[in-house]
Amino acid sequence: MLIVMRQDASAGDVEAVVEKVRGLGLAPHAIPGAQRTAIGITGNKGGLDAGLFEGMAGVREVIRVSQPFKLVSREVKPEDTVIDVGGALLGGRAIAVMAGPCSVESREQLLEAAHAVKAAGARFLRGGAFKPRTSPYEFQGLGEAGLRLLAEAREQTGLKVVTEVMDPDDLPMCVEYADVVQLGARNMQNYSLLKRLGTIGKPVLLKRGPSATIREWLMAAEYVLAHGNYQVALCERGIRTFETATRNTLDLNAVPVLKALTHLPVVVDPSHGIGLRAHVPAMARAGIAAGADAIIVEVHPRPEKALSDGHQSLTPAEFAELMRQVRVIAGAIGRSIA
Ligand code: PEP
Ligand code: MN
């Protein structure tokens with residue numbers, strides 16, 4: 001249920017509603033919004049009686065939320081969420097570009113990649129220090145040394161750092177270094193991690209599980225919001241289908257569907273989505289045309305030498321050309337590149 005307060009409701013009116021919700025043994029969530037103050041209620045098993053709140057001072061309307069996901073839904077918050085990552089915006093009219101290597105491999109590799117993507121116009125640097133690899137014999141990431149390199153790259157370029165957390169034990173360390181904490185596809189339904197991400201006070205990039213439905217994905221995001229963190233972006237990175245010609249099938253259907261169902265920013269990852277360097281630019285362009293609020297693209301100074309995902313990483317020159325193209329597409333749909 002959602003309680004929408006009148007614009008002239010006093011702080012005391014809002015507090016009285018919050019107290020009443022708590023008194024019922026339920027959780028009140030003040031929903032940040034430009035147009036209105038609203039209080040979402042979670043924790044109720046069945047439907048709540050709207051009459052409990054309708055008569056209260058300052059209450060404009062009581063809305064029953066029809067979706068199983070509440071705090072992430074557009075019913076609860078009609079306007080788009082814009083996440084301010086230290087001055088770089090994620091969500092809203094301007095499209096954010098995140099780029100960098102799959103894995104942080106060395107100081108030279110990371111700094112070269114960071115300067116290249118910065119020069120081409122990206123605002124966010126991606127790079128994994130903890131890597132979820134299918135084989136235990138493959139490169140697992142540099143761990144904290146990788147996080148320190150990301151911090152150095154941020155220092156040199158001003159790019160905001162997006163990096164993945166895999167293990168709850170590493171979360172405090174990742175939060176310390178990251179500007180945006182990525183939860184990888186394989187962990188989308190790791191509910192203990194999702195709950196912890198609700199408490200970190202930093203934005204979360206929640207990748208879609210390779211076999212997750214849109215509803216399951218939104219429910220995973222709901223965990224993070226329900227635990228107190230409203231700064232969540234959803235990243236479509238391809239799902240597993242019967243197709244074997246590509247690594248995954250980038251589900252661009254998800255972009256407009258999500259934009260209708262949720263206020264959270266939607267990010268498209270064409271690199272993992274198709275998994276073939278030659279075709280990554282086409283899917284990045286398509287993601288933006290479909291309405292994504294950001295793209296995240298793997299870029300490596302020497303893809304053929306990469307320790308992970310070189311086959312889908314763009315060279316800096318290819319990335320610079322892609323940036324030129326996405327600016328045109330963004331303009332064609334009344335948006336811009338941040
Ligand atoms: C990555 O971003 O390098 C990654 C491992 O992504 P995903 O979790 O989507 O596979
Ligand atoms: Mn990768």
Side-chain angles (χ1 to χ4, degrees), residues 90 96-105 109-110 113 117 122 124-136 138-143 146-147 149-150 160-167 170 174 178-190 193-194 197 203-212 214 216-217 220-221 232-241 246-252 254-255 266-277 279-280 283-284 287 292 294-315 319:
L90 179 49
V97 178
M98 307 170 165
C102 178
S103 304
V104 179
E105 300 170 2
Q109 172 249 15
L110 185 69
V117 303
F124 294 81
L125 174 66
R126 64 146 292 145
F130 297 94
K131 294 305 301 179
R133 303 307 301 279
T134 303
S135 164
E138 289 172 331
F139 179 60
Q140 304 285 307
L142 296 179
L147 294 175
L149 291 173
L150 286 163
K160 307 298 174 192
V161 166
V162 185
T163 196
E164 175 168 354
V165 64
M166 279 174 55
D167 190 312
D170 297 326
C174 292
D179 297 300
V180 178
V181 177
Q182 175 177 326
L183 190 62
R186 293 157 188 81
N187 265 318
M188 190 206 82
Q189 285 176 310
N190 184 334
L193 252 176
L194 288 166
L197 288 169
V204 173
L205 182 68
L206 178 61
K207 294 194 114 188
R208 180 183 189 172
S211 63
I214 289 171
E216 287 163 343
W217 188 12
V232 176
L234 300 164
C235 179
E236 165 59 42
R237 47 76 73 202
I239 52 174
R240 181 165 288 189
T241 67
T246 53
R247 180 177 181 182
N248 290 296
T249 296
L250 186 65
D251 179 17
L252 290 181
V255 177
V266 176
V267 183
V268 163
D269 174 349
S271 306
H272 295 86
I274 193 159
L276 300 164
R277 183 191 312 152
H279 304 317
V280 166
M283 299 317 289
I295 52 172
I296 181 164
V297 183
E298 287 185 338
V299 178
H300 194 290
R302 281 164 297 280
E304 68 290 350
K305 294 241 163 61
L307 298 182
S308 64
D309 287 351
H311 54 90
Q312 65 189 34
S313 300
L314 300 185
T315 63
F319 178 67

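In each ligand, atom 1 is the first atom listed, and ligand 1 is the first ligand listed.
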Could you say whether the N/O atoms of [X] and ligand 1 ever approach to under 3.5 Å?
X      : answer
Asp309 : no
Gly184 : no
Arg237 : yes

So does [Y] get a backbone contact from the side chain of [X], meaning a donor-acceptor N/O pair under 3.5 Å?
X      : Y      : answer
Gln109 : Ser103 : yes
Glu216 : Ile214 : no
Thr163 : Gly127 : yes
Asn248 : Gly273 : no

For this session: Considering heavy atoms of the protein only, find what lies nearest to atom 6 (O) of ligand 1 and give residue, atom and distance to 0.1 Å.
Result: Lys207 NZ, 3.0 Å
For this session: Pick out which of Lys207, Arg126, Arg208, Gln312 makes a side-chain hydrogen bond (donor to acceptor under 3.5 Å, both in side chains) with Asp269.
Result: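 Single pass found, and it is Lys207.
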Problem set entry | Ligand-side contact atoms (ligand 1) for residue partner Glu298, heavy atom cut-off under 4.0 Å |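 It comes down to these atoms of ligand 1: 3 (O).
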Problem set entry | Contact atoms of ligand 1, heavy-atom distance to Cys102 under 4.0 Å | 3 (O)
For this session: Would you name the N/O/S atom of Asp309 that lies closest to the Mn ion (ligand 2)?
Result: OD2
Problem set entry | N, O or S atom within Glu298 nearest to the Mn ion (ligand 2), by name |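 This residue's closest N, O or S atom turns out to be OE2.
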Just to be sure I'm reading this right: ignoring hydrogens, which of [options] gets closest to [atom]? Compare them by their nearest heavy atoms.
atom                   : options                        : value
atom 2 (O) of ligand 1 : Arg126, Glu164, Met98          : Arg126
atom 4 (C) of ligand 1 : Gln312, His272, Arg208, Glu236 : His272
atom 8 (O) of ligand 1 : Gly273, Gly100, Ala185         : Ala185

Problem set entry | Atom pair CZ/OG1 of Arg302 and Thr315 - distance to nearest 0.5 Å |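 Going from CZ on Arg302 over to OG1 on Thr315, the span is 11.5 Å.
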For this session: Report yes or no: does a heavy atom of Gln182 sit under 4.0 Å from some atom of ligand 1?
Result: yes
Problem set entry | Charged N-O contact under 4.0 Å between Arg247 and Asp309 | yes
For this session: Please report the shortest heavy-atom distance between Arg186 and Pro132, naming the atom on each side.
Result: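 Where Arg186 meets Pro132 most closely, the heavy atoms are CD-CB, 3.8 Å.
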Exercise. Which pair of heavy atoms, one from Leu250 and one from Pro270, lies closest together, and at what distance?
Worked result: CD2-CA, 4.2 Å
Exercise. With the Mn ion (ligand 2) at the apex, how many degrees lie between SG of Cys102 and NE2 of His272, rounded to 10 degrees?
Worked result: 170°
